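Below is one structure, written out as structure tokens; the observations come after it.
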Amino acid sequence: MAVHAPAARPKAAREPEPRPRRRRSGGYRVFLLPSAVLFTAVIVVPLLMNIGISFTRWQGIGDPRWLGLDNYTRLLADERFWSSFRNNVALIVAMAIVPTVVGLVLAATLFDYVGKKFGPRTASVLRAAYYLPQVLPVAIAGIVWGWIMHPRFGALNAFLGLFGMEPRSWLGDPDWALPSVMLIMVWFQIGYPVVIFMAGLQRVDPALYEAAEMDGASWWRRFAHITIPQIRPEIYVVLLTCTIAALKVFGPIFVLTRGGPGGATLVPSYFSYQNFFEKANVGYGAAIATVLTLVIIVVTVFFLRVQDNEERDS
């Protein structure tokens, strides 16, 4: 009897391999749209309009008259314009360099000494005290400092009178007005670096300080060889932001001195404001604002390049 082999089972059809899902590209752009619209409306459009006005003579009413590069040629020969930038360099020292150096020392002291000896709560209270001037409105802080430095009934002259010193018009004397404003701006700006540097010190490995302390390193050696190298990115950020703030400073100058006496505290931002609103020379004021914007852009690019090169070398 012949034995029949069982019929071969049909091969199961291969299931189609799932197609890889395509990642949706550009979905996040919808969320960037509101900020892009605001940036265009608030920054780009006014900037382009300001650049266009800087090539004209305009009093704010009527039709602008095209001048070409005449406003910029006038800037090159304007001594008040160059004097305002020299005053701005002094304010960069007061608002960027001095606060960065002093703030770095204060932050390291609060973090590495006060926090360990008196507790983190004490360090936090002192940090908040240093930051308090940043919270105060510029107008209120300027008015209070104007009272303190008043030539007749100011607290500063009353205090110095205890030591036999003659009263001085701190904000009204051309020789003392700019140093007085610089001192006020150091007080105003010092809290920002302290907060940023103390936040940066939170990410430093405590074992580095412990090992250095066990090896007998003094506080200054730990500060120079551990603190500064470890928070170098924060130092660049503080220097950049404080330099930009110094270049475009306006409120304190407006409240304290109005650029006087005799232009001793005049800065480009207030010089531009004078031409815009006090002299109705809108085209010239726009040219000053455009040059100031270009200077800020150049300074920003320079800082970013230096920081990028520093990170590549490290």
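For this chain, numbers begin at 1 and follow the sequence in order. Values in this document were obtained by computation on a predicted structure and should not be read as measured data.
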If you count every heavy atom of other residues, nucleotides or ligands that lies below 6.0 Å from [X] atom [atom1], does the total exceed 12?
X: Asp205; atom1: CG; answer: yes
X: Trp147; atom1: CH2; answer: no
X: Ile61; atom1: CD1; answer: no
X: Gln59; atom1: CD; answer: no

Show which residues join Val195 in its hydrophobic cluster (side-chain heavy-atom contacts under 4.5 Å, direct or indirect), or state none.
-> Tyr131, Val135
Ignoring hydrogens and angles, tell me if any N or O in the side chain of [X] forms a donor-acceptor pair with the backbone of [Y] under 3.5 Å.
X: Gln189; Y: Ala96; value: no
X: Ser269; Y: Val249; value: yes
X: Asn87; Y: Val267; value: no
X: Trp66; Y: Arg57; value: no

To the nearest 0.5 Å, how far apart are [atom1] in [X] and [atom2] in [Y]?
X: Asp215; Y: Glu210; atom1: CG; atom2: CD; answer: 12.0 Å
X: Leu67; Y: Thr73; atom1: CG; atom2: OG1; answer: 10.0 Å
X: Phe197; Y: Leu110; atom1: CZ; atom2: CG; answer: 13.0 Å
X: Leu240; Y: Leu304; atom1: CG; atom2: CG; answer: 6.0 Å
X: Ile235; Y: Gln230; atom1: CD1; atom2: CD; answer: 11.0 Å
X: Leu171; Y: Leu178; atom1: CG; atom2: CG; answer: 11.0 Å

Not counting sequence neighbours, list each pair that qualifies as a side-chain hydrogen bond (donor to acceptor under 3.5 Å, both in side chains) and has a residue in residues 101-116.
-> Asp112-Lys116, Asp112-Trp219, Asp112-Arg222, Tyr113-Lys117
Result of checking Val45, Ile51, Leu47 against Met49 for side-chain contact (heavy atoms from CB on, under 4.5 Å) | Val45
Non-hydrogen atoms of [X] and [Y] that approach each other most closely:
X: Leu247; Y: Leu292; result: O-CD1, 3.5 Å
X: Ala246; Y: Leu91; result: CB-O, 3.8 Å
X: Ala90; Y: Met182; result: O-CE, 3.4 Å
X: Ser84; Y: Phe271; result: OG-CD2, 4.5 Å
X: Tyr192; Y: Val237; result: OH-CG1, 4.4 Å
X: Phe223; Y: Ala108; result: CD1-CB, 3.5 Å

Side-chain contact test, heavy atoms from C-beta onward, threshold under 4.5 Å: evaluate it for [X] versus [Y] and give yes or no.
X: Val204; Y: Tyr209; result: yes
X: Leu106; Y: Ile190; result: yes
X: Pro193; Y: Pro99; result: yes
X: Met185; Y: Val181; result: yes
X: Ile53; Y: Pro64; result: no
X: Asn88; Y: Pro268; result: yes
X: Phe254; Y: Tyr273; result: yes
X: Phe188; Y: Val138; result: yes

Let me see the working for Glu278 and Arg258 under salt bridge (charged side-chain N to carboxylate O under 4.0 Å, His left out), right down to the final yes or no.
-> CA-CA 12 Å; Glu278 296 179 5; Arg258 301 292 179 94; 5.3 Å; no
For the pair Val291 and Tyr72, evaluate side-chain contact (heavy atoms from CB on, under 4.5 Å) and give the outcome as yes or no after the intermediate values.
-> CA-CA 9 Å; Val291 172; Tyr72 294 95; 3.9 Å; yes
Arg203 and Glu234 ion-paired at < 4.0 Å = yes
Under 4.0 Å between a Lys/Arg side-chain N and an Asp/Glu carboxylate O for Glu79 and Arg86?
-> yes
Report yes or no: do [X] and [Y] form a side-chain donor-acceptor pair below 3.5 Å?
X: Tyr270; Y: Thr265; answer: no
X: Ser272; Y: Tyr284; answer: no
X: Asn157; Y: Trp170; answer: yes

Starting from the C-alpha separation in whole Å, work towards a yes-or-no answer on side-chain contact (heavy atoms from CB on, under 4.5 Å) for Gln274 and Leu266.
-> CA-CA 10 Å; Gln274 281 183 327; Leu266 186 66; 3.7 Å; yes
Evaluation steps, side-chain contact (heavy atoms from CB on, under 4.5 Å), between Ser169 and Trp176 = CA-CA 8 Å; Ser169 180; Trp176 286 96; over 6 Å; no
Derivation of the side-chain contact (heavy atoms from CB on, under 4.5 Å) call for Arg305 and Val301 = CA-CA 6 Å; Arg305 288 285 181 87; Val301 172; 4.2 Å; yes
